[in-house]
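Everything below concerns the one structure shown next.
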Amino acid sequence: MTQDATKNPQHTDPMRYGLHNRYVFDGRLAMKTGLHIGGGKVTLSYSDSPVVLTLDGLPFIPGSSFKGTLRSTIEKIVAGLPSELGLHTCGLPTDEQPKESCPTARQNEIRKQRRDHADEIDSMMKKERDKLCHTCQLFGSPFAAARITINDLYLIDDEWSGMKEIRDGVAIDRESETAKSGLKYDFEVVPSTTVFGLHLVIENATEEDLQLISIGLGEFVSGFGGIGGFRSRGLGACILTDLEIRRLDLTVGNETERRQRLQQYLLLREKSLAAIEDVSAFFEQHINALFEKTAANQ
Ligand SMILES: [Zn+2]
């Protein structure tokens, strides 16, 4: 039954709510090594490369940083899957990829087409949106808003000693890629064992979205995730623990039940969501679904 929520909800939901389902993920992101996310105000720090801090002076992980690292973690894995599994990613292209079907990878070409066909932009853009790869659908692209939102990650219970470490680095000459003699810089690091709260929401998730998030969060739960800068120096290793998943599903049950669920949701918001009891079974279910679909097609 739960699968139904993610199968083309636009076509199967007779109530035509704009909202079909909502998945909320909460967990603790614990640093296993130091963390550096740059972008702090240089003028307020003794370091060349300070870490980002909240207005209260506490380190945090911007939601956009976690979204970026989650997306690239997922893209790396999906790009390596057999194509017949049906999950597709265009990657995060820096150059035009004319052979790629995802419009994100063909932005210049599409811009040109828009100019040439100004009278049919709407139908043209709709056609392109339908070709978006699965990671662009979940994480967003210039063609469609993301279905996933990730809040900034703040310290849990302010569990932080207030200490930042300063690490030394050697400045690298960009042209020769060798160390510039005598040139040193330093950067701030938030110490390992710092724990941040993760809150992530997917709205109107498709089955593919749930497969992608199971793949991605699975990496972080297994301790293979990474965040921030200087990762080649071993910084940014982290593990996601105490993961909880809650769900609102407006596509199952009869009309009265759906209405009640929607009403409860509007009154109580996330407090009304149903907890998924077994998080690893949830991941297993969606990763298995990815492989079973192919087996059924063969
Ligand atoms: Zn794409």
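For ligands, and for the atoms within them, numbers begin at 1 and follow the listed sequence. Computation of the quantities below employed the complete heavy-atom set of this structure, encompassing side-chain atoms and omitting hydrogens, waters and symmetry-equivalent molecules.
Take Y265 and apply the ring pair (Phe, Tyr, Trp, His ring centres under 6.0 Å) test, not counting sequence neighbours, and it matches no residue. Partners of D122 under the side chain to side chain contact (heavy atoms under 4.5 Å, CB included) rule, at least two apart in sequence or in another chain, do not exist in this structure.
Only protein N, O or S atoms were considered, and those under 2.8 Å from the Zn ion (ligand 1) are C90 SG, C102 SG, C133 SG, C136 SG.
When only modelled atom types and interatomic distance are considered, H88 and E100 share a side-chain donor-acceptor pair under 3.5 Å.
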Per-pair distances, 0.1 Å, donor-acceptor, side chain in residues 267-275, under 3.5 Å, sequence neighbours excluded:
unit_1 : atom_1 : unit_2 : atom_2 : d
E270   : OE1    : H199   : NE2    : 3.4
S272   : OG     : R269   : O      : 2.9

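F230 and H36 have perpendicular rings, their planes meeting at more than 60° on a 0 to 90° scale where under 30° would count as parallel.
A 6.0 Å sphere centred on CZ of R231 holds more than 12 heavy atoms belonging to other residues, nucleotides or ligands.
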